[in-house]
Q: 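Below is a structure I'd like to ask you about.
Since this is a predicted model, take the numbers as computed values, not measurements.
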Amino acid sequence: MSSRLRRVPVAAIVTAVVVVLVLVAFGVALVRDAGDDGAAPTSPFATSPGPPDPLAPIPPAAPVALEARAAPFAVELRWSPDPSGGPIERYIVYRNGREIGSVDGDDPRRFVDGSTLPRLRYVYAVAAIGGDDLASEATELRVTTPSGPVAAARLEGTFAVKIDERATFGYRTSGGDASGGWTFTPRCDEGACDVKVARIFRRARGVVMDRRAATYRARGTGQLGVKCAGSPSTSTYRIELRVVKANTVEGVWRAVRIDGTFVHREAAQRGCVAGGADLAFTGKLVAL
């Protein structure tokens, strides 16, 4: 018995090919649509993120309980570690956004800033640093330093001085109250020290005043403008000055107000009787 092969009609073959091409084109269109939407096509074989690397360093936690003890010229900071983060190798301390020092992680959590000035506000921050230099968030604290002692104020610059005549004797006429500018020049590079003051006396080179705490003193002889029979007389004088107010001016703790006494005497000479004056003065810093 012989078998015969069936013939597939050509029309059926063409129809099948067309269907396959349509399905392929439809799939390509779907892929393109997904790309146009900005979403990557998903794969049934995509893997989910694995667990974190147990060997990767853990950032430390920010310091806690940051507190400060402020003095006029120093601020002491103290804090505690937060054990919830990674190990701590050191701490970095900032003042007004700038790094000013560091503390080892094993040392007591304490730092002293010894370069502050009185009556100023500072913003401190402390950050913990761990492995691979990973840093924690910084813990911040605002501190205002108290006023400093007037004895430590630098006496410098030009003061507008007002002189009050308290008593005179032996003069036919007196100068009365007066005002003027006294310029103080410290005899050291920084801080409070002896000063040389100019423009107290006419035609005088200046007077050196010795410092004792907030008080400055000078004594000597000179021509202060007193005349006898039309000629200048030599006077003896004694000046005592006190710093009564100070402030931080241009980055330096300075005297800004002064007061004191000024006494001078003239001996009897060339037919003139003895004379003298007791003066009081106040002054305010007007220029450096």
Q: Working to the nearest 0.5 Å, report the span between CZ of Arg90 and CD1 of Ile88.
A: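 Result: 12.0 Å between the selected atoms.
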Q: Please check: side-chain N/O of Thr183 versus main-chain N/O of Gly157, any donor-acceptor pairing under 3.5 Å?
A: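 It does not hold such a pair.
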Q: For salt bridge (charged side-chain N to carboxylate O under 4.0 Å, His left out), just list the numbers for Asp107 and Arg109, CA-CA rounded to whole Å, side-chain angles, deciding distance to a tenth of an Å, and then say yes or no.
A: CA-CA 6 Å; Asp107 291 345; Arg109 275 72 66 179; over 6 Å; no
Q: Could you tell me which non-hydrogen atom of Ala255 sits nearest to which non-hydrogen atom of Ala153, and how far apart they are?
A: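 Smallest heavy-atom distance, with atoms named: N-CB, 3.5 Å.
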Q: Would one find more than 12 heavy atoms of other residues, nucleotides or ligands at under 6.0 Å from atom CG of Asn96?
A: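 Yes, enclosed.
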Q: Is there a path of hydrophobic side-chain contacts, each under 4.5 Å between heavy atoms, that joins Val143 and Tyr94?
A: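 Different clusters: Val143 never reaches Tyr94 through Ile, Leu, Val, Met, Phe, Trp or Tyr contacts under 4.5 Å.
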Q: Measure the spacing between CG of Asp210 and SG of Cys193 and express it to the nearest 0.5 Å.
A: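 Atom-to-atom, Asp210:CG and Cys193:SG are 11.0 Å apart.
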Q: Taking atom CD of Glu137 as the centre, does the number of heavy atoms from other residues, nucleotides or ligands within less than 6.0 Å exceed 12?
A: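 No, the 6.0 Å shell around CD holds no more than 12 heavy atoms from other groups.
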Q: If you group Ile, Leu, Val, Met, Phe, Trp and Tyr by side-chain heavy-atom gaps below 4.5 Å, do Leu141 and Phe111 land in one group?
A: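 Same cluster.
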Q: Assess whether side chain to side chain contact (heavy atoms under 4.5 Å, CB included) is satisfied between Glu240 and Thr215, documenting all intermediate values.
A: CA-CA 7 Å; Glu240 183 172 298; Thr215 301; 3.8 Å; yes
Q: With a 4.5 Å cut-off on side-chain heavy atoms, are Ile100 and Asp113 touching?
A: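 Contact flag for Asp113/Ile100 side chains = yes.
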Q: Report, one line per pair, each donor and acceptor closer than 3.5 Å where one atom sits in a side chain of residues 267-288; sequence neighbours left out.
A:
from, atom 1, to, atom 2, distance (Å)
Gln269, NE2, Ala267, O, 3.2
Asp278, OD1, Arg265, NH1, 3.0
Asp278, OD1, Arg265, NH2, 3.0

Q: Tell me whether the count of non-hydrogen atoms from other residues, nucleotides or ligands lying under 6.0 Å of CG in Leu120 goes above 12.
A: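 Counting other residues, nucleotides and ligands, CG of Leu120 exceeds 12 neighbours.
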Q: Checking Ala135 now: which residues fulfil side-chain contact (heavy atoms from CB on, under 4.5 Å) with it, not counting sequence neighbours?
A: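 Listed in chain order: Ile129.
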Q: Side chains of Leu77 and Val93: does their closest heavy-atom pair fall under 4.5 Å?
A: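 Sidechains of Val93 and Leu77: in contact.
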Q: Hey, is the main chain of Asp106 close enough, under 3.5 Å, to the side chain of Asp104 for a donor-acceptor pair?
A: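 No; zero donor-acceptor contacts below 3.5 Å.
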Q: Tell me if a side-chain donor or acceptor on Thr248 pairs with a main-chain N or O of Pro118 at a distance below 3.5 Å.
A: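 Side chain of Thr248 to backbone of Pro118, a donor-acceptor pair under 3.5 Å: yes, one is there.
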Q: Compare every heavy atom of Ala192 with every heavy atom of Ala151, then report the nearest pair and how far apart it is.
A: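 For Ala151 and Ala192, the tightest heavy-atom pair comes out as O-CB, 3.8 Å.
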Q: Quick check for you: to the nearest 0.5 Å, what is the distance between Ile258 atom CD1 and Leu241 atom CG?
A: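 Going from CD1 on Ile258 over to CG on Leu241, the span is 4.5 Å.
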Q: How would you list all residue pairs meeting ring pair (Phe, Tyr, Trp, His ring centres under 6.0 Å) that involve residues 118-162, not counting sequence neighbours?
A: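 For residues 118-162, and leaving out neighbouring residues, the ring pair (Phe, Tyr, Trp, His ring centres under 6.0 Å) pairs sorted by first residue read Phe159-Phe184.
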Q: Quick one: does Thr158's side chain get under 4.5 Å of Trp182's, heavy atoms only?
A: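 A side-chain contact under 4.5 Å is absent here.
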Q: Could you give the distance from CZ (Arg187) to CG (Leu155), rounded to the nearest 0.5 Å?
A: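 Between Arg187 CZ and Leu155 CG, I get 13.0 Å after rounding to 0.5 Å.
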Q: Could I get the full list of side-chain contact (heavy atoms from CB on, under 4.5 Å) partners for Glu156, not counting sequence neighbours?
A: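 Partners of Glu156 under the side-chain contact (heavy atoms from CB on, under 4.5 Å) test: Arg154, Pro186, Arg254.
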Q: Rounded to the nearest 0.5 Å, how far apart are CG of Asp194 and SG of Cys188?
A: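 These two atoms lie 8.0 Å from each other.
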Q: Specify the closest pair of heavy atoms between Ser147 and Trp253, including all atoms of both residues, with the distance to one decimal.
A: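 That closest heavy-atom pairing would be OG-CH2, 3.7 Å.
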Q: Can you list every side chain to side chain donor-acceptor pair (under 3.5 Å) pair that touches residues 62-84, not counting sequence neighbours?
A: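 Side chain to side chain donor-acceptor pair (under 3.5 Å) check on residues 62-84 returns Glu76-Arg78, Glu76-Arg110, Asp82-Ser84.
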Q: Taking all non-hydrogen atoms of both residues, which atom of Pro63 and which atom of Ser136 are closest, and how far apart?
A: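 Here Pro63 and Ser136 meet closest at CD-OG, 3.9 Å.
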Q: So, does Thr145 use its side chain to make a donor-acceptor pair with the main chain of Leu117 at under 3.5 Å?
A: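 Here the side-chain-to-backbone pair exists.
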Q: Do you reckon Ile239 sits in the same ILVMFWY cluster as Val226, going by side-chain contacts under 4.5 Å, direct or chained?
A: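 Ile239 and Val226: separate clusters.
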Q: Does a side chain donor of either Tyr171 or Glu266 reach within less than 3.5 Å of an acceptor in the other side chain?
A: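 A pair is found: one side chain offers a donor N or O, the other an acceptor, under 3.5 Å apart.
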Q: If you define the side chain from C-beta out and look only at heavy atoms, does anything of Phe73 sit under 4.5 Å from Ser115?
A: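 Of all side-chain heavy-atom pairs linking Ser115 with Phe73, none is under 4.5 Å.
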Q: Is there a side-chain contact between Ser102 and Tyr91 (heavy atoms, below 4.5 Å)?
A: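 The answer is no, as the side chains (C-beta and beyond) never meet within the 4.5 Å cut-off.
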Q: Is there a side chain to side chain donor-acceptor pair (under 3.5 Å) between Thr221 and Thr234 once you walk through the steps?
A: CA-CA 7 Å; Thr221 60; Thr234 298; over 6 Å; no
Q: Hydrophobic clusters here meaning ILVMFWY residues chained together by side-chain heavy-atom distances under 4.5 Å, can you tell me if Tyr216 and Ile163 are in one?
A: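 Per the 4.5 Å side-chain linkage, Tyr216 and Ile163 are co-clustered.
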Q: Taking only residues two or more places apart in sequence or in another chain, which ones pass side chain to side chain donor-acceptor pair (under 3.5 Å) with Arg242?
A: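 Counting only residues at least two positions away or on another chain, Arg242 forms a side chain to side chain donor-acceptor pair (under 3.5 Å) with Asp259.
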Q: Output the distance between atom CD1 (Ile58) and atom CG (Asp132), rounded to the nearest 0.5 Å.
A: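 One finds 12.0 Å between CD1 of Ile58 and CG of Asp132.
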Q: Look at the side chain of Arg211 and the backbone N and O of Ala213, then say whether any donor-acceptor pair between them is shorter than 3.5 Å.
A: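 Flag set: sc Arg211 to bb Ala213 pair under 3.5 Å.
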Q: Any side-chain donor paired with an acceptor under 3.5 Å for Thr144 and Arg119?
A: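 On atom types as modelled, these side chains do not qualify, holding no pair under 3.5 Å.
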